[in-house]
Each structure stands twice: as structure tokens, then as C-alpha cells.
Amino acid sequence: MFDQVVFAGGGNRCWWQAGFWDVVQPELALAPRVITAISAGAATACMLYTRGDSQWVMRYYEDVLRNNKKNVYWGNLWRRGTAVFPHYEIYRRALLDIYSEPFAKLASAPEIRIGVSRVPRWLGPRSSVAAGLIAYNIDKHVRKVLHPSLGRTLGFRSEFVRAQDCVIVDELADLILQSSCTPPFTPVLRRNGRPVLDGGMVDNVPVGALDETPGRVLVLVTRCYPRPQTFVISHGMQQRLYVQPSRKVPISSWDYTQPALMRPAYELGRADGETFLERLPQRSTLAADRA
């Protein structure tokens with residue numbers, strides 16, 4: 001039914017995608033040829049095709065984050081070798097723990113294309129972080145656009161790397177972290193010697209990495225946009241079916257202090273998946289919006 005699938009970024013909100021997928025994939029026997037993904041959407045896609053057990057991963061995070069009481073440890077400013085923001089170390093350790101044992105399963109998974117944002121050379125790494133974050137927040141919170149444009153205007157460019165090109169699990173963890181690079185929660189990261197930022201700085205919904213192949217594409221976003229919950233955008237001979245949460249996902253992207261909220265986010269995805277399946281016969285009656 002869907003030859004390609006898009007997993008948008010969104011940090012913890014991507015638990016909604018996991019819940020939706022766990023309901024819809026078995027019912028429709030979804031077997032996409034290509035997945036394009038950003039940030040935690042990429043982590044989710046890789047989790048679904050390696051570990052394949054959302055419940056196990058939620059229990060893992062609940063255990064790991066149980067004793068993390070803050071998102072910012074200001075006292076660590078004065079302590080050498082300790083991080084003010086705990087996210088990077090926790091996230092990297094989690095990726096290694098989750099993917100290490102089933103890493104070989106990636107070879108038989110769909111091609112997973114993970115996006116990073118290359119920063120404009122004229123800005124430099126530090127100033128590009130500030131400019132990119134400002135542009136991203138204007139696009140998402142002020143303009144509320146589905147596919148942002150300010151980052152491209154500033155000179156940010158997307159680069160996509162196949163998860164299957166990672167030879168060892170450490171390379172996959174580094175790639176996902178580069179795709180998720182959002183200072184100050186993470187340090188500024190480099191790929192092949194050049195700084196990169198979160199792939200969402202260019203487009204948090206990475207349809208630009210899709211093949212032009214005619215057919216249907218399923219696009220799973222994690223924000224609520226001023227559109228119907230499901231809507232179609234035609235692109236050439238493609239019909240891109242976008243699905244968004246029925247309400248705001250009840251967890252913040254980078255909140256590492258409330259792991260119990262991952263489960264309500266996941267359950268919202270499951271509920272929205274059930275609704276999606278109930279309404280699926282009506283998909284053919286949807287009018288396609290020309291982008």
C-alpha cells in the first residue's frame with residue numbers, strides 16, 4: 001500500500017509514531033522499500049526494524065531515567081568532566097544498548113535514509129547554531145508551516161546517509177545523534193570533519209529524500225498543524241498521505257525527567273492508528289491538496 005514512509009523528527013513525541021506503527025503495520029502488512037527519517041524519527045524507525053519491541057524500549061528508558069531529576073544541572077558548570085545537560089550521554093548510551101544486540105537485522109530492513117543538516121560555511125558553527133534554531137522556531141511556532149524554508153534561505157543543506165552504510169553500531173548511534181544535534185541539549189557535532197545540526201533545521205518532515213517513484217507515501221508527523229488529521233498532497237505521480245496526532249502529544253521533545261509520559265504518547269499513537277484503520281476505506285475520497 002505504501003512504497004515509502006517518512007518519519008518526522010520530534011524527540012520524545014516520536015513515541016506517537018511507534019504506537020501508530022505498532023497498530024497499523026500488522027493490519028496493513030506495511031513493507032516499505034524506503035524510509036526517510038530525521039532525528040528521533042530515525043531512532044524510532046531503526047528501533048522498529050532492529051529491536052522491534054516498543055514495550056522493551058519504554059521499560060529501558062523508564063529504568064534509565066528514573067533517577068534523572070533535572071534537564072539542566074547548573075552546578076556542573078563548575079565541575080570539570082560533568083555535563084550541564086544530561087541528554088547527550090543518556091541518548092548515546094541508550095542507542096548503543098537498544099541497537100547493539102539486534103544490529104545485524106538492519107541489513108534486511110528497508111533502506112533507512114537519515115538526514116543531517118550541513119551548516120552554511122559563511123556562518124561558522126557557533127553562529128549557525130543560533131541562526132538555525134531561530135529559523136527553525138519561527139517556521140514551526142510562528143509560521144506553523146509543514147515544510148519550513150527559512151533554514152534553506154540561510155544556506156542550510158540536507159545530507160542523507162543510509163543506516164545500512166553504518167558498519168558497526170557505534171556508527172549508527174553517531175549518525176542518529178548527528179541527525180538529532182540540537183545545542184545546548186547536545187554539543188555541536190561533526191561529520192567527516194564538518195559541523196552538522198539536527199536534520200530538521202532544513203525540514204523536519206524529510207520528504208525531500210524520497211524517491212520520485214510513482215505510488216503512495218505514508219508521512220508520519222509528530223506536531224499538530226492547522227490541517228485535517230489526515231490529508232493528501234500530490235507530488236508528481238505520488239500521493240503523499242500525511243497523518244498527524246489527533247491532539248498535542250503529551251510529552252516534550254527533550255524532557256528527560258518524566259519517562260512515564262512516554263507511555264501516554266505511545267498510547268495516543270495506538271488510538272490514532274485504530275482510527276486511521278477505521279477510516280482507511282475513505283482515503284480514496286480525499287481531495288489532494290496541490291503543494
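Please read these numbers as outputs of a predicted model, since none were measured by experiment.
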- Item | Residues Arg143, Ser149; criterion side-chain hydrogen bond (donor to acceptor under 3.5 Å, both in side chains); working and verdict | CA-CA 10 Å; Arg143 300 175 67 209; Ser149 59; 3.3 Å; yes
- Centroid-to-centroid, Trp21 to Phe7, below 6.0 Å? yes
- Task: For side-chain contact (heavy atoms from CB on, under 4.5 Å), just list the numbers for Gln238 and Gln4, CA-CA rounded to whole Å, side-chain angles, deciding distance to a tenth of an Å, and then say yes or no.
- Result: CA-CA 10 Å; Gln238 279 184 0; Gln4 301 183 83; 3.4 Å; yes
- Tyr73 side chain to Asn68 side chain, donor-acceptor N/O pair below 3.5 angstrom: yes
- Donor-acceptor contact below 3.5 Å, side chain Asp3 vs main chain Pro32: no
- Of all the heavy-atom pairs spanning Leu133 and Met201, show the shortest one and how long it is. CD2-CE, 3.2 Å
- To the nearest 0.5 angstrom, please state how far the CZ atom of Arg270 sits from the CD atom of Glu267. 6.0 Å
- Give the minimum heavy-atom separation between Val221 and Trp16, together with the two atoms involved. O-CZ3, 3.3 Å
- Query: Are any side-chain N or O atoms of Gln164 and backbone N or O atoms of Pro110, one a donor and one an acceptor, separated by less than 3.5 Å?
  - Reply: yes
- Pair Asp211 + Arg113: basic N to acidic O under 4.0 Å: yes
- Is it true that the NZ or CZ of Arg263 lies under 6.0 Å from the centre of Trp15's six-membered ring and within 45 degrees of the ring axis? no
- Message: Taking the six-membered ring of Tyr225 as reference, does the cationic atom of Arg227 (NZ for Lys, CZ for Arg) lie under 6.0 Å from its centre and within 45° of its axis?
- Response: no
- Short side-chain to backbone donor-acceptor contact, Ser117 and Phe156, under 3.5 Å: no
- Task: Determine whether Leu210 and Val217 make a side-chain contact, defined as any pair of heavy atoms from C-beta on separated by less than 4.5 Å.
- Result: yes
- I would like to know whether Tyr136 and Asn204 meet side-chain contact (heavy atoms from CB on, under 4.5 Å); could you show each step before the answer? CA-CA 9 Å; Tyr136 176 84; Asn204 196 47; 4.0 Å; yes
- Query: Taking atom CG of Leu106 and atom SG of Cys166, what is their separation to the nearest 0.5 Å?
  - Reply: 8.0 Å
- Check whether any side-chain N or O of Thr182 sits under 3.5 Å from a backbone N or O of Ser180 as a donor-acceptor pair, and report yes or no. yes
- Under 3.5 Å, is there a donor-acceptor pair linking the side chains of Thr230 and Arg279? no
- Can Leu154 be reached from Ile134 by stepping across I, L, V, M, F, W or Y side chains whose heavy atoms are under 4.5 Å apart? no
- Transitively linked via ILVMFWY side-chain contacts under 4.5 Å: Val64 with Val169? yes
- Is the centre of the Phe20 ring less than 6.0 Å from the centre of the Phe276 ring? yes
- Query: Are Phe231 and Val243 close enough that some pair of their side-chain heavy atoms sits under 4.5 Å apart?
  - Reply: no
- Working to the nearest 0.5 Å, report the span between CG of Asp63 and CG of Leu65. 9.0 Å
- Task: Taking all heavy atoms of Val202 and all of Arg152, pick out the closest pair and write down the distance.
- Result: CG1-NE, 3.7 Å
- Message: Do Val232 and Arg240 have side chains that approach each other closer than 4.5 Å (heavy atoms only, starting at C-beta)?
- Response: no
- Message: Taking Trp56 as the starting point, is it possible to reach Tyr266 by hopping between hydrophobic residues whose side chains are less than 4.5 Å apart?
- Response: yes
- Message: Using 30° and 60° as the class boundaries, would you call the ring planes of His87 and Phe85 parallel, tilted or perpendicular?
- Response: tilted
- Message: Is the shortest side-chain heavy-atom distance between Thr257 and Lys69 below 4.5 Å?
- Response: no
- Mark yes or no for whether Glu159, through its side chain, and Arg118, through its backbone, hold a donor-acceptor pair below 3.5 Å. no
- For residues Leu280 and Leu28, determine if any side-chain heavy atom of one lies less than 4.5 Å from a side-chain heavy atom of the other. yes
- Item | Thr82 vs Glu89, side-chain contact (heavy atoms from CB on, under 4.5 Å): CA-CA, chis, key distance, verdict | CA-CA 10 Å; Thr82 56; Glu89 292 180 4; over 6 Å; no
- Item | Val34-Leu30 co-clustered via ILVMFWY side chain contacts under 4.5 Å | no
- Query: Is a donor on one side and an acceptor on the other found under 3.5 Å between the side chain of Lys248 and the backbone of Pro245?
  - Reply: no
- Query: With side chains defined as the heavy atoms from C-beta onward, is the minimum distance between Ile90 and Tyr256 less than 4.5 Å?
  - Reply: yes
- Message: Can you tell me how far apart NZ (Lys70) and CG (Asn76) are? Round to the nearest 0.5 Å.
- Response: 9.0 Å
- Is the backbone of Asp22 close enough, under 3.5 Å, to the side chain of Ser54 for a donor and an acceptor to pair up by distance? no
- Query: Any donor and acceptor pair, going by atom type alone, linking the side chain of Glu274 with main-chain N or O of Val23 inside 3.5 Å?
  - Reply: no
- Task: Could you check Arg51 against Lys105 for side-chain contact (heavy atoms from CB on, under 4.5 Å), going step by step and ending with a plain yes or no?
- Result: CA-CA 9 Å; Arg51 178 65 60 176; Lys105 292 182 179 180; over 6 Å; no
- Task: Would you name the heavy atoms of Thr222 and Gly10 that are closest together and state the gap between them?
- Result: OG1-CA, 3.7 Å
- Query: So do Arg194 and Val119 actually touch side chain to side chain, heavy atoms under 4.5 Å?
  - Reply: no
- Message: How long is the straight-line distance from CG of Asp255 back to CZ of Phe185, given to the nearest 0.5 Å?
- Response: 9.0 Å
- Separation between CG (Leu146) and CZ (Arg223), nearest 0.5 Å, reads 11.5 Å
- Item | Backbone of Asp198 reached by a side-chain donor or acceptor of Ser179 within 3.5 Å | no
- Hey, are Arg93 and Asp97 close enough for a salt bridge, meaning a charged N less than 4.0 Å from a carboxylate O? yes
- Item | Atom of Asp272, atom of Ser246 and distance for their closest heavy-atom approach | OD1-OG, 2.7 Å
- Query: Out of curiosity, does Leu220 fall in the hydrophobic cluster containing Met1 (side-chain heavy atoms, cut-off under 4.5 Å, transitive links)?
  - Reply: yes
- pair Asp203-Ile38: side-chain heavy atoms closer than 4.5 Å: no
- Is the count of non-hydrogen atoms from other residues, nucleotides or ligands lying under 6.0 Å from Glu171 atom CD greater than 12? yes
- Note on the structure: The residue among Arg191, Arg190, Arg92 that forms salt bridge (Lys or Arg N to Asp or Glu O under 4.0 Å) with Asp174 is Arg92
- Looking only at non-hydrogen atoms, find the nearest pair between Ala163 and Cys46 and report the distance. CB-SG, 4.2 Å
- Run the side-chain hydrogen bond (donor to acceptor under 3.5 Å, both in side chains) check on Ser253 and Asn12 step by step: do they pass? CA-CA 5 Å; Ser253 298; Asn12 286 322; over 6 Å; no
- Query: Between Gln178 and Val196, is there a donor-acceptor pair closer than 3.5 Å when you use the side chain of the first and the backbone of the second?
  - Reply: no
- Item | side chain to side chain contact (heavy atoms under 4.5 Å, CB included) partner of Val161, the single match among Leu172, Ile112, Leu175 | Leu175
